[in-house]
Asker: 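My questions will all concern the structure given below.
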Amino acid sequence: MKVLAAVKRVVDYNVRVRVRADGSGVDTANTRMAMNPFDETAIEEAVRLREAGTASEVVAVTVGDAGSEEVLRTALAFGADRALRVESDAPLEPLAVSKALAAVADREQPDLVLMGKQAIDDDSNQVGQMLACHLGWAQATFACAVTPADDELHVVREVDGGQRTVAVALPAVVTTELELNEPRYIKLPSIMKAKKQAIERLGLAEIAVDGSPRLELLGVSEPPPREAGEQVDSAAALVDRLKNEAQVI
Amino acid sequence: MGVLVFAEHDGAAVTEATRRAVSAASALGAPVDAVVAGGDEAEDVAASLAGTGVGRAWLCQGAPYADQLPEPLAERLVALVRAEGYEAVVAATSTQARDLLPRVAAGLDVQMLTDVTAIEDTETFVRPNYTGSVLARLRCREAVQVLTVRATNFAPPAADGTSPAVARLEPGTDPGLSRLLEVQRTDSSRPELASARVVVAGGRGVADVGVGELEALADRLGAAIGASRGAVEAGLLPNDAQVGLTAKVVAPDLYIAAGISGSIYHVSGMKDSGVIVAINKDPEAPIFDVADYGLVADLREALPQLLEALEPS
Ligand SMILES: Cc1cc2nc3c(=O)[nH]c(=O)nc-3n(C[C@H](O)[C@H](O)[C@H](O)COP(=O)(O)OP(=O)(O)OC[C@H]3O[C@@H](n4cnc5c(N)ncnc54)[C@H](O)[C@@H]3O)c2cc1C
Ligand SMILES: Nc1ncnc2c1ncn2[C@@H]1O[C@H](COP(=O)(O)O)[C@@H](O)[C@H]1O
């Protein structure tokens with residue numbers, strides 16, 4: 001089985017972004033960047049499938065600018081066999097990313113695409129499902145367990161109110177929950193080795209994807225803060241406030 | 001012409017979130033229809049849309065739809081949107097809508113919007129970014145607008161005397177890409193987290209007292225139980241109780257956070273609650289920044305005391 005893992009470079013999850021003074025966007029210059037946490041889970045799962053002998057090759061792919069090759073290096077350090085970047089200097093919307101990934105899937109012919117359920121910068125939760133649609137493949141989103149079974153995959157999905165287990169025909173797209181696994185700690189020798197590995201590149205024009213935005217960003221703002229509350233000194237005082245002041249119990 | 005709402009249901013009636021999605025959809029300025037996927041229960045579900053203003057309810061029945069599988073359902077919805085010329089597809093944010101709508105949007109070749117929190121006019125929308133630390137205003141002029149809306153930000157529809165005309169959809173072909181093997185419901189006699197009036201949420205700090213104390217408090221208040229990721233990771237509470245932007249967004253009248261530090265990932269999923277209570281032994285815990293009432297205390301003392309103070313009701 002050949003596995004493609006989609007990874008995105010995003011602002012590190014510990015960093016609190018700031019809105020630009022003119023409200024035109026967020027300031028990400030000089031911010032610490034990292035691989036999207038859900039994508040770490042995806043690449044980890046891909047590498048585990050290869051280590052278990054289920055997968056024969058793991059190819060990491062990202063769509064982004066030259067700086068985003070950093071996350072491909074991380075993916076190589078996790079153990080990906082090859083890395084490929086679809087070049088786009090401007091960030092693309094999920095629809096365009098999904099088309100670029102579909103074009104890569106056409107070239108690479110993987111049996112499985114593993115990817116995060118959501119990018120923590122745009123919070124879209126769209127690309128995997130869109131990709132599966134373009135390819136006409138099965139999808140299993142929000143995976144917390146993936147088990148190969150003959151020519152299918154059995155995937156346990158985290159859903160509202162519990163879990164649903166589905167069998168998907170291969171090829172398929174699977175998107176990950178953090179519960180799926182605990183990504184490994186990457187050691188220095190792997191990082192050094194990854195630095196020397198080649199990264200393949202593909203232009204958007206080469207794969208005939210139109211990256212122009214469909215939505216117009218009118219502005220961004222920070223949500224209004226909540227008003228300062230009151231510290232109460234006992235459980236009894238708390239119950240009193242909830243009953244008599246807030247009147248919610 | 002018109003807006004199509006994907007009506008999610010519990011096997012008997014549409015969810016409260018779906019009712020709110022109908023009222024959000026009506027802000028798009030066109031008549032609202034709905035589509036219900038399911039088996040025999042779809043008729044009852046359609047009937048539960050009475051009073052919401054939905055004009056027509058499409059029943060999408062048959063095996064793959066009854067199992068709510070995304071591939072055949074998305075394909076069928078794309079065909080319906082094209083045939084009827086719908087200008088928008090709306091659903092309340094849920095794991096099902098998040099699974100299904102992007103596939104519909106891709107089938108229609110449009111860029112969709114996830115988790116819309118406000119509809120300013122028929123083409124201007126607000127949605128969170130960066131784990132809810134930023135709100136983006138976006139203009140969408142796609143041929144078909146596809147939106148998931150955050151139900152807690154929209155009021156339920158004002159009841160009217162309408163009841164939807166029911167129409168049956170011809171089943172489409174089943175691409176046969178996936179099969180449902182098993183559904184595991186977290187069984188709970190408590191109210192549903194998404195629509196509960198009171199939520200008692202536990203974090204990693206609950207480990208010190210045990211989940212039993214938290215459950216006792218929830219039972220006393222008729223509350224749903226929520227969780228932080230810390231509590232889920234520690235194996236204290238199930239994943240489907242997790243609150244947060246990447247999990248479930250809730251806005252009950254009262255949210256009690258017990259032993260939760262208040263990371264942005266958690267807070268962005270509950271900060272629109274009516275009244276927020278935080279109980280934490282660390283006075284510096286960021287959860288206190290969003291709390292209306294804060295109690296700096298150890299849960300080992302605070303929870304029993306709280307139960308005691310609540311007793312004479
Ligand atoms: C991509 C990503 C997505 C995430 N999504 C979510 C999400 O959707 N929801 C979510 O909740 N988290 C999410 N997280 C995790 C989040 O960043 C935090 O790690 C998590 O919310 C912390 O949980 P916690 O507050 O229970 O644990 P901790 O941060 O460990 O806090 C425990 C708190 O309990 C208090 N405490 C301990 N013992 C006691 C006691 N005896 N009495 C009183 N107080 C006590 C401590 O003072 C502390 O404040 C996500 C993280 C990532 C990277
Ligand atoms: N630019 C990108 N390059 C590679 N993968 C991406 C990119 N954008 C999104 N993805 C993948 O799609 C998933 C969902 O992203 P989104 O739909 O944007 O929330 C992410 O977790 C990634 O695995």
Side-chain angles (χ1 to χ4, degrees), chain A residues 11 16-17 19 26 93-95 98 118 120-126 129-130 132-134 136-142 144 154 158-169 172 179 214-223 226 229-232 234-236 238-239 241-242 246 248-249, chain B residues 70-71 74 94-96 98-99 102-103 105-107 110-112 114-115 124 128-140 142 175 177-186 194 221 239-240 245-246 248 253-254 264 271 274-275 277 290-296 302 305-306 309-310:
Chain A
V11 172
R16 186 76 185 264
V17 297
V19 167
V26 294
E93 290 172 344
L95 181 68
S98 68
Q118 182 164 332
I120 61 165
D121 51 2
D122 65 37
D123 288 333
S124 290
N125 196 331
Q126 296 175 12
Q129 300 87 309
M130 289 180 158
C133 178
H134 298 313
W137 291 3
Q139 69 185 49
T141 51
F142 321 140
C144 64
H154 291 185
E158 295 280 2
V159 298
D160 296 340
Q163 296 181 330
R164 279 165 68 91
T165 308
V166 289
V168 291
E179 280 68 29
R214 301 287 192 89
L215 304 176
E216 188 187 343
L217 181 64
L218 301 174
V220 298
S221 60
E222 275 169 32
R226 275 184 89 98
E230 181 198 349
Q231 293 286 353
V232 294
S234 69
L238 177 58
V239 170
R241 298 294 193 286
L242 294 179
V248 284
I249 59 171
Chain B
E71 302 90 353
S94 67
T95 49
Q96 188 182 11
R98 284 180 162 227
D99 185 44
R103 193 165 177 123
V110 298
Q111 178 54 57
M112 71 165 289
T114 306
D115 248 4
T124 314
N129 271 177
Y130 293 95
T131 324
S133 50
V134 169
L135 292 174
R137 283 179 72 234
L138 294 149
R139 181 172 289 145
C140 172
E142 291 284 50
L177 298 170
S178 62
R179 285 178 294 130
L180 180 63
L181 298 179
E182 195 188 344
V183 178
Q184 269 183 290
R185 295 198 172 281
T186 312
L221 295 171
N239 187 68
D240 71 311
L245 189 86
T246 58
K248 189 163 294 158
D253 295 343
L254 172 61
I264 174 77
K271 69 174 165 29
V275 172
V277 170
V290 297
D292 299 288
Y293 300 108
L295 177 60
V296 178
Q305 284 169 2
L306 206 59
L310 282 165

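Lettering of chains follows the sequences in order, A, B, ..., and the numbering in each one begins at 1. The structure presented is a predicted model; accordingly, all values stated were derived computationally and were not measured.
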Asker: Side chain, backbone, both or neither: which part of A/Ser221 has a non-hydrogen atom closer than 4.5 Å to chain B?
Answerer: both

Asker: Go through A/Thr141 and A/Gln129 one step at a time and tell me if the side chain to side chain donor-acceptor pair (under 3.5 Å) criterion holds.
Answerer: CA-CA 8 Å; A/Thr141 51; A/Gln129 300 87 309; 5.4 Å; no

Asker: I need the minimum non-hydrogen distance between A/Arg241 and B/Tyr293, along with the two atoms involved.
Answerer: CB-CE2, 3.6 Å

Asker: Specify which of B/Val183, B/Thr246, B/Val277, B/Leu221 makes the most heavy-atom pairs with chain A at under 4.5 Å.
Answerer: B/Thr246

Asker: Taking all atoms of both residues into account, what is the closest heavy-atom pair of B/Asp292 and A/Arg226, and its distance?
Answerer: OD2-NH2, 2.7 Å

Asker: Heavy-atom cut-off 4.5 Å, strictly under: side chain, backbone, both or neither for A/Val168 against chain B?
Answerer: both

Asker: Report the option among A/Asn125, A/Leu242, A/Ile249 that has the most heavy-atom pairs separated by less than 4.5 Å from atoms of chain B.
Answerer: A/Asn125

Asker: Identify which part of A/Leu238 has an atom lying under 4.5 Å from any heavy atom of chain B, answering side chain, backbone, both or neither.
Answerer: side chain

Asker: Checking B/Pro175 against chain A: side chain, backbone, both or neither under 4.5 Å from a heavy atom?
Answerer: neither

Asker: Checking A/Gln118 against chain B: side chain, backbone, both or neither under 4.5 Å from a heavy atom?
Answerer: side chain

Asker: For B/Glu182, is it the side chain, the backbone, both or neither that has a heavy atom under 4.5 Å from a heavy atom of chain A?
Answerer: both

Asker: Would you mind telling me which of A/Pro223, A/Gly136, A/Ala132 has the largest number of heavy-atom pairs within less than 4.5 Å of chain B?
Answerer: A/Pro223

Asker: Which atom pair, heavy atoms only, marks the closest approach of B/Lys248 to A/Asp160?
Answerer: CE-OD1, 3.5 Å

Asker: For the residue pair A/Met130 and A/Leu95, establish whether any side-chain heavy-atom pair is separated by less than 4.5 Å.
Answerer: yes

Asker: What residue in B/Leu180, B/Thr124, B/Asp115, B/Leu245 has the most heavy-atom pairs under 4.5 Å with chain A?
Answerer: B/Leu180

Asker: Can you confirm whether A/Leu218 sits close enough to A/Glu216 that some side-chain heavy atom of one is under 4.5 Å from a side-chain heavy atom of the other?
Answerer: yes

Asker: For the atom pair CG (A/Asp121) and CG (B/Asn129), what is the distance rounded to the nearest 0.5 Å?
Answerer: 8.0 Å

Asker: Please check if atom CZ in B/Arg139 has more than 12 non-hydrogen atoms from other residues, nucleotides or ligands closer than 6.0 Å.
Answerer: yes

Asker: Mind listing the closest non-hydrogen atom pair of A/His134 and B/Ala106 along with its distance?
Answerer: CE1-CB, 3.9 Å

Asker: Highest number of heavy-atom pairs under 4.5 Å with chain B: which of A/His154, A/Glu158, A/Gln231?
Answerer: A/Gln231

Asker: Taking the side chain from A/Gln139 and the backbone from B/Glu71, do they hold a donor-acceptor pair closer than 3.5 Å?
Answerer: no

Asker: Considering only heavy atoms and a distance below 4.5 Å, find which of B/Gln305, B/Arg185, B/Arg98 pairs most often with chain A.
Answerer: B/Arg98

Asker: What part of B/Ala302 gets closer than 4.5 Å to chain A, counting heavy atoms only: side chain, backbone, both or neither?
Answerer: backbone

Asker: Does any heavy atom of chain A fall under 4.5 Å from the side chain of B/Gln111, the backbone, both, or neither of them?
Answerer: both

Asker: Identify which of B/Arg137, B/Lys271, B/Gln184, B/Arg103 forms the greatest number of heavy-atom pairs closer than 4.5 Å to chain A.
Answerer: B/Arg103

Asker: Name the member of A/Ala172, A/Cys133, A/Ala140, A/Ala246 that forms the most heavy-atom pairs with chain B at distances under 4.5 Å.
Answerer: A/Cys133

Asker: What closest approach, in Å, do B/Thr95 and A/Phe142 show between heavy atoms, and which atom pair accounts for it?
Answerer: O-CE1, 3.4 Å

Asker: So which of B/Thr186, B/Ile264, B/Leu295, B/Asp253 has the largest heavy-atom pair count under 4.5 angstrom toward chain A?
Answerer: B/Leu295

Asker: If you take all heavy atoms of A/Ser124 and A/Pro94, which pair is closest and at what distance?
Answerer: OG-CG, 3.5 Å

Asker: Can you say whether A/Val26 sits under 4.5 Å from chain B via the side chain, the backbone, both, or neither, judging by heavy atoms?
Answerer: side chain

Asker: Under a 4.5 Å heavy-atom cutoff, which of B/Ser133, B/Ala194, B/Cys140 has the most pairs with chain A?
Answerer: B/Ser133

Asker: Tell me which of these, A/Val19, A/Val11, A/Val17, has more heavy-atom pairs under 4.5 Å with chain B than the rest.
Answerer: A/Val17

Asker: Let's test your reading of the structure: which of A/Glu222, A/Glu93, A/Glu179 forms the most heavy-atom pairs below 4.5 Å with chain B?
Answerer: A/Glu179

